[in-house]
Amino acid sequence: DVGEDAFVDALASTYQGTRDSWITRGIEEHGPHGAARADLLDSQGMEHLPEWWELAYTDDGALAGVIMAARNPSSAVIAFVGVVPEQRGRGLAQQLVRRGTDQLLASGAVEIRGDCDLDNIGMVKAFERAGYEQFARRRSYQRAIAA
């Protein structure tokens with residue numbers, strides 16, 4: 001029950017130094033907070049329970065990361081995992097993936113998917129360490145249409 005603005009701020013904080021090309025493109029187009037708000041709106045379009053979306057904090061109360069689990073029309077998904085730069089490299093992404101996985105399993109999911117850029121080695125390792133197996137290679141395409 002922290003509200004949308006807290007999630008937007010948290011998402012934007014995890015975007016610093018991202019290795020995700022989709023997020024980078026959003027930041028270039030809209031700035032970090034604009035990209036975060038757009039991503040939050042997209043995620044709100046997926047089926048989810050409020051408790052599946054959590055902010056993680058350090059023992060001293062500083063933001064550490066974000067997990068957003070959901071269901072799209074074809075499967076349960078780890079929709080977003082983000083860790084603030086100063087907390088990276090400590091295994092938090094793996095813990096967040098497991099947290100989202102547990103939430104989805106408790107809701108009856110029999111298969112859970114997630115994706116990330118192949119160059120985002122930290123997230124690749126987080127998924128693998130949480131028991132996920134790579135089954136596809138993500139390639140994203142876009143074509144701008146002149147107004």
Side-chain angles (χ1 to χ4, degrees), residues 1-58 61-88 91-120 122-132 134-145 147:
D1 293 334
V2 297
E4 285 187 15
D5 289 340
F7 263 91
V8 169
D9 290 343
L11 289 170
S13 294
T14 68
Y15 288 178
Q16 290 180 333
T18 185
R19 293 187 179 196
D20 186 285
S21 61
W22 189 265
I23 293 172
T24 298
R25 186 175 308 126
I27 292 168
E28 290 169 355
E29 292 177 13
H30 308 289
H33 277 81
R37 185 155 306 278
D39 290 343
L40 181 66
L41 289 172
D42 284 346
S43 295
Q44 288 173 327
M46 289 189 277
E47 177 188 341
H48 67 280
L49 296 176
E51 60 266 24
W52 295 356
W53 292 12
E54 296 180 297
L55 303 180
Y57 294 94
T58 63
L63 178 69
V66 178
I67 176 64
M68 296 166 67
R71 290 182 180 274
N72 66 28
S74 62
S75 69
V77 295
I78 300 298
F80 180 80
V81 173
V83 176
V84 297
E86 52 274 9
Q87 295 298 321
R88 292 180 185 152
L92 182 57
Q94 175 188 345
Q95 292 175 30
L96 292 172
V97 170
R98 285 190 172 154
R99 178 75 177 172
T101 300
D102 290 346
Q103 295 282 11
L104 293 167
L105 289 173
S107 77
V110 295
E111 178 183 77
I112 304 168
R113 294 183 177 199
D115 72 2
C116 65
D117 280 1
L118 291 175
D119 293 335
N120 189 345
M123 271 314 307
V124 169
K125 287 181 180 180
F127 275 118
E128 289 174 348
R129 289 178 178 152
Y132 286 72
Q134 181 181 355
F135 71 95
R137 297 179 76 86
R138 181 170 90 172
R139 300 267 189 224
S140 298
Y141 297 89
Q142 178 177 332
R143 179 177 173 195
I145 307 298

Practice problem: Show your reasoning for whether side-chain contact (heavy atoms from CB on, under 4.5 Å) applies to Gln103 and Arg99. | Solution: CA-CA 6 Å; Gln103 295 282 11; Arg99 178 75 177 172; 3.7 Å; yes
Quiz item: Does the pair Asp20/Arg25 count as a salt bridge with the N-to-O cut at 4.0 Å?
Solution: no
Exercise. Looking only at non-hydrogen atoms, find the nearest pair between Gly100 and Ala69 and report the distance.
Key: O-CB, 4.0 Å
Exercise. Report, as yes or no, whether the 6.0 Å neighbourhood of atom CZ on Arg37 holds more than 12 heavy atoms from other residues, nucleotides or ligands.
Key: yes
Quiz item: Going from CG on Leu55 to CZ on Phe7, what distance comes out if it is rounded to the nearest 0.5 angstrom?
Solution: 4.0 Å
Practice problem: For the pair Met68 and Met46, evaluate side-chain contact (heavy atoms from CB on, under 4.5 Å) and give the outcome as yes or no after the intermediate values. | Solution: CA-CA 11 Å; Met68 296 166 67; Met46 289 189 277; over 6 Å; no
Quiz item: To the nearest 0.5 Å, how far apart are CD in Glu86 and OG in Ser13?
Solution: 8.0 Å
Quiz item: Do Asp42 and Phe80 come within less than 4.5 Å of each other through their side chains, counting heavy atoms only?
Solution: no
Practice problem: Mind checking the OH-CD spacing from Tyr57 to Gln87? Nearest 0.5 Å is all I need. | Solution: 13.0 Å
Exercise. Would you sort out whether Tyr132 and Val97 count as a side-chain contact (heavy atoms from CB on, under 4.5 Å), showing the intermediate values?
Key: CA-CA 10 Å; Tyr132 286 72; Val97 170; 3.6 Å; yes
Quiz item: Which heavy-atom pair separates Leu104 from Ala70 by the least distance, and what is that distance?
Solution: CD2-O, 3.7 Å
Quiz item: In this structure, are over 12 heavy atoms from other groups packed under 6.0 Å from Arg19 atom CZ?
Solution: no
Self-check item: Spacing of CD1 belonging to Ile78 relative to CD1 belonging to Ile112, to within rounding of 0.5 Å
Solution: 6.0 Å
Quiz prompt | Donor-acceptor pair between Ser107 and Arg71 side chains, under 3.5 angstrom | solution = yes
Quiz item: At what distance, to the nearest 0.5 angstrom, does NE2 of His33 lie from CG of Leu40?
Solution: 11.5 Å
Exercise. Check the pair Thr18, Thr24 against side-chain contact (heavy atoms from CB on, under 4.5 Å), reporting the backbone distance first and the verdict last.
Key: CA-CA 7 Å; Thr18 185; Thr24 298; 3.5 Å; yes
Quiz item: Judged by atom type as modelled, is there a donor-acceptor pair below 3.5 Å linking the side chain of Arg88 to the main-chain atoms of Val83?
Solution: yes
Self-check item: Considering all heavy atoms, the nearest Gly65-Leu92 contact
Solution: N-CD2, 4.3 Å
Practice problem: Using modelled atom types only, decide if a donor and an acceptor are shared between the side chain of Trp53 and the backbone of Ile67 within a distance under 3.5 Å. | Solution: no
Quiz prompt | Distance, nearest 0.5 Å, that separates CZ of Phe127 from CZ of Arg113 | solution = 12.5 Å
Quiz prompt | Shortest non-hydrogen contact from Ala56 toward Leu96 | solution = CB-CD2, 3.9 Å
